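Here the structure is a predicted model, which means the values were calculated and not measured.
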Amino acid sequence: MTNPLFDAIFAPLASRADDLLILPERGAMSGQAFLALVARQAHALRQAELGAGDRIAVQVAKSPEALAVYGAAVALGAVFLPLNTAYTADEVDYFVGNATPRILLCDGAKASALQGVADRHGARLLTLDADGTGSLSDAARGMPDRIDPEPRGAEDLAALLYTSGTTGRSKGAMLTHRNLLSNAQVLVDLWRFTKADVLLHALPIFHTHGLFVASNVSLLSGGRMIFLPGFDAGQVIGLLPQATAMMGVPTFYTRLLDDPRLTRDLVGHMRLFVSGSAPLLAETHERFEARTGHRILERYGMTETNMNTSNPYDGERRAGTVGFPLPGVEVRIVAEGHEVATGEVGMIEVRGPNVFQGYWQMPEKTAEEMRADGFFITGDLGMRDADGYIHIVGRAKDLVITGGYNVYPKEVELLLDEVEGVAESAVIGLPHPDFGEAVFAVLARAKGAALEADAALAAIRDRLARFKQPKGAVVVDDLPRNTMGKVQKALLRDTYKDWFTR
């Protein structure tokens with residue numbers, strides 16, 4: 001029995017003496033050196049009793065060592081659970097309690113805050129800092145440079161990624177070796193990645209975009225990555241001449257456009273710019289093409305499915321659309337139990353080898369969102385135009401996607417409702433030129449209260465990850481409701497739609 005993901009993505013590095021990771025602050029790392037790092041970490045994690053099927057929760061800064069933890073987990077047949085580095089200890093507590101990982105790996109600076117979380121849920125706490133030091137690295141020092149991967153099947157779990165809806169608890173999407181590998185193989189072919197490519201990688205690796213799209217595609221194709229700890233427009237401008245491709249969120253492109261050094265000459269050698277994780281405004285498409293001569297390739301994916309559709313590599317990359325279904329992926333648009341006609345709006349449903357196995361320990365939620373014929377109900381509303389391009393026109397749920405990250409409105413509303421002077425709140429997503437969509441709060445003041453929007457936002461600032469915090473708010477007397485008493489969020493979105501773009 002083989003280990004599909006390890007065999008395809010990591011094992012080939014054994015013959016790569018050339019650079020795999022280009023690290024502006026630390027030089028470079030060859031494929032062989034990276035694989036040896038994966039092996040040493042895997043041995044250390046095995047010694048810490050991480051085994052096949054066990055979960056390892058990881059909340060650490062992006063680094064070569066952090067990426068190697070992913071490879072080590074795959075080698076051991078463990079289930080990799082990346083967590084946003086902005087999550088507070090209270091937020092991490094839920095994920096650790098739900099996933100019950102064998103190991104919780106965190107930055108050393110957060111160890112004291114998270115030790116109680118680990119103890120409460122029976123996890124062992126290890127540390128890994130941005131510079132590669134920490135208790136995991138100490139344990140890995142002197143370990144063997146090679147490891148025989150644990151046998152795994154295509155349907156065995158490789159990762160557990162949490163996603164949020166608008167009601168209920170965060171859900172852990174169970175992703176298999178087949179899910180991750182099939183998607184990477186399709187994208188390598190569709191986007192024409194080869195060993196000649198150098199991917200400018202400035203995305204976080206706790207998210208499906210940076211980890212399972214960017215990293216897996218680059219590793220599978222045999223290319224190199226300029227591996228940055230995060231996105232800095234000036235640094236990216238300086239490094240673009242060394243790259244052939246870049247994957248980003250809309251924020252990357254709007255910030256690059258703010259820099260006059262972004263010119264046709266600077267990116268004349270580039271092969272591909274990809275955008276996803278949030279809607280890219282048509283205006284950004286047009287400005288980027290006018291400035292650089294490059295048409296950004298936009299695609300559509302989800303935590304539960306990885307990538308579903310993509311604009312074409314060859315052919316028209318149509319602004320405002322997410323292109324066509326990927327090879328092997330079926331997309332249908334459904335309303336009232338039937339597929340709708342061209343140009344009509346319905347719920348987007350997808351089926352294919354990329355679609356996840358279900359939600360961790362939530363069989364009832366899995367049954368709600370998975371059809372008997374294998375189609376997954378995405379929660380996104382869309383339509384297919386006469387040329388076959390798919391348009392995302394909205395979300396059936398109120399999930400806010402800001403800068404590529406999901407925000408669960410109810411979580412923010414519950415905190416705002418506790419603020420003195422707030423009778424009730426409604427959290428929505430509004431168009432934002434930088435983040436694609438931004439979190440916005442409408443606050444109904446309590447009778448007789450003197451309520452200031454900025455003060456209300458300040459009151460919850462330390463209780464939420466930064467990306468979840470509203471970037472704007474307004475105070476009103478009452479929230480609009482329909483005849484059934486439900487808050488009309490669609491009306492609020494329409495009323496304040498120009499708040500961040502005026």
*Going through the checks in order, is the side chain to side chain contact (heavy atoms under 4.5 Å, CB included) test met by L219 and L13?*
CA-CA 9 Å; L219 287 165; L13 297 175; 4.3 Å; yes
Ring-face cation contact, [Y] with [X], 6.0 Å cut, 45° max:
X    : Y    : answer
K171 : Y359 : yes
R493 : F440 : no
K471 : F435 : yes

Main-chain N/O of [Y] paired to [X] side chain as donor or acceptor, under 3.5 Å:
X    : Y    : value
R384 : H391 : no
T251 : G403 : no
H294 : R271 : no
S215 : G210 : yes
R299 : T309 : no
D197 : T194 : yes
N216 : V213 : no
E437 : H432 : no
T85  : A61  : no
N308 : V350 : no

Value rounded to 0.5 Å, distance of [atom1] in [X] from [atom2] in [Y]:
X    : Y    : atom1 : atom2 : answer
E364 : E369 : CD    : CD    : 10.5 Å
S275 : L280 : OG    : CG    : 4.5 Å
N183 : N179 : CG    : CG    : 8.5 Å
L203 : M247 : CG    : CE    : 8.5 Å
L160 : M174 : CG    : CE    : 8.0 Å
L104 : F95  : CG    : CZ    : 12.5 Å

Side chains of [X] and [Y]: donor-acceptor distance under 3.5 Å anywhere?
X    : Y    : result
T100 : R55  : yes
T208 : N306 : yes
S182 : Q185 : no
S218 : H201 : no
H209 : S277 : yes
Y389 : N311 : no
Y405 : R466 : no

Contact check, side chains of [X] and [Y], non-hydrogen atoms, under 4.5 Å:
X    : Y    : value
L37  : Q41  : yes
E289 : R287 : no
S310 : L297 : yes
P431 : F500 : no
T263 : T292 : no
L430 : I428 : yes
L416 : V427 : yes
F324 : I390 : no

Which atom names give the shortest non-hydrogen contact between [X] and [Y], and what distance separates them?
X    : Y    : answer
L21  : P64  : CD1-CB, 3.8 Å
N84  : Q59  : O-NE2, 2.9 Å
L20  : G223 : CD1-O, 3.7 Å
P12  : F6   : CD-O, 4.4 Å
L464 : Q469 : O-NE2, 3.0 Å
A73  : I56  : CB-CG2, 4.0 Å

Inspect the contact between [Y] and [X] and indicate whether a charged nitrogen and a carboxylate oxygen are less than 4.0 angstrom apart.
X    : Y    : value
K489 : E413 : yes
R224 : D18  : no
D385 : R318 : yes

*So which of V69, L81, I205 actually passes side chain to side chain contact (heavy atoms under 4.5 Å, CB included) with V58?*
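When V69, L81, I205 are each tested with V58, the side chain to side chain contact (heavy atoms under 4.5 Å, CB included) holds only for V69.
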*asked:* Given Y300, which partner from the list T378, T321, T305, L326 fulfils the side chain to side chain contact (heavy atoms under 4.5 Å, CB included) test?
replied: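 The side chain to side chain contact (heavy atoms under 4.5 Å, CB included) with Y300 is passed solely by T378 among T378, T321, T305, L326.
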_side chain to side chain contact (heavy atoms under 4.5 Å, CB included) assessment of V74 paired with F80_ = CA-CA 8 Å; V74 172; F80 188 70; 5.9 Å; no
*Given ring-ring contact (aromatic ring centres under 6.0 Å, His included), test F206 with Y87 step by step and report yes or no.*
CA-CA 11 Å; F206 53 72; Y87 285 146; 7.8 Å; no
*Test R255 against D434 for salt bridge (Lys or Arg N to Asp or Glu O under 4.0 Å), laying out the working first.*
CA-CA 7 Å; R255 292 183 180 172; D434 204 10; 2.9 Å; yes
*asked:* Is it the case that over 12 heavy atoms from other parts of the model lie below 6.0 angstrom from the CD atom of E336?
replied: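 No, because the 6.0 Å sphere around CD of E336 holds 12 heavy atoms or fewer from other groups.
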Donor-acceptor pairs under 3.5 Å, side chain of residues 226-236 to any protein atom, not counting sequence neighbours: which ones?
residue: D232; atom: OD2; partner: G234; partner atom: N; Å: 3.2
residue: D232; atom: OD2; partner: Q235; partner atom: N; Å: 2.8

*List the steps and the verdict of side chain to side chain contact (heavy atoms under 4.5 Å, CB included) for Q361 and N98.*
CA-CA 8 Å; Q361 295 183 336; N98 185 251; 4.1 Å; yes
*Checking salt bridge (Lys or Arg N to Asp or Glu O under 4.0 Å) for the pair E91/K468: CA distance, chi angles, key distance, verdict?*
CA-CA 12 Å; E91 290 167 311; K468 296 181 183 178; 2.5 Å; yes
*Residue pairs involving residues 342-351 (criterion side chain to side chain donor-acceptor pair (under 3.5 Å); sequence neighbours excluded)*: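 Listed by first then second residue: E330-R351, R332-E349, E349-R371.
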*Chi angles and distances behind the side chain to side chain contact (heavy atoms under 4.5 Å, CB included) call for R192, D314*: CA-CA 10 Å; R192 312 287 175 82; D314 293 318; 2.6 Å; yes
*Do F212 and Y70 have their ring centres less than 6.0 Å from each other?*
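Ring-ring flag for F212/Y70: true, centres closer than 6.0 Å.
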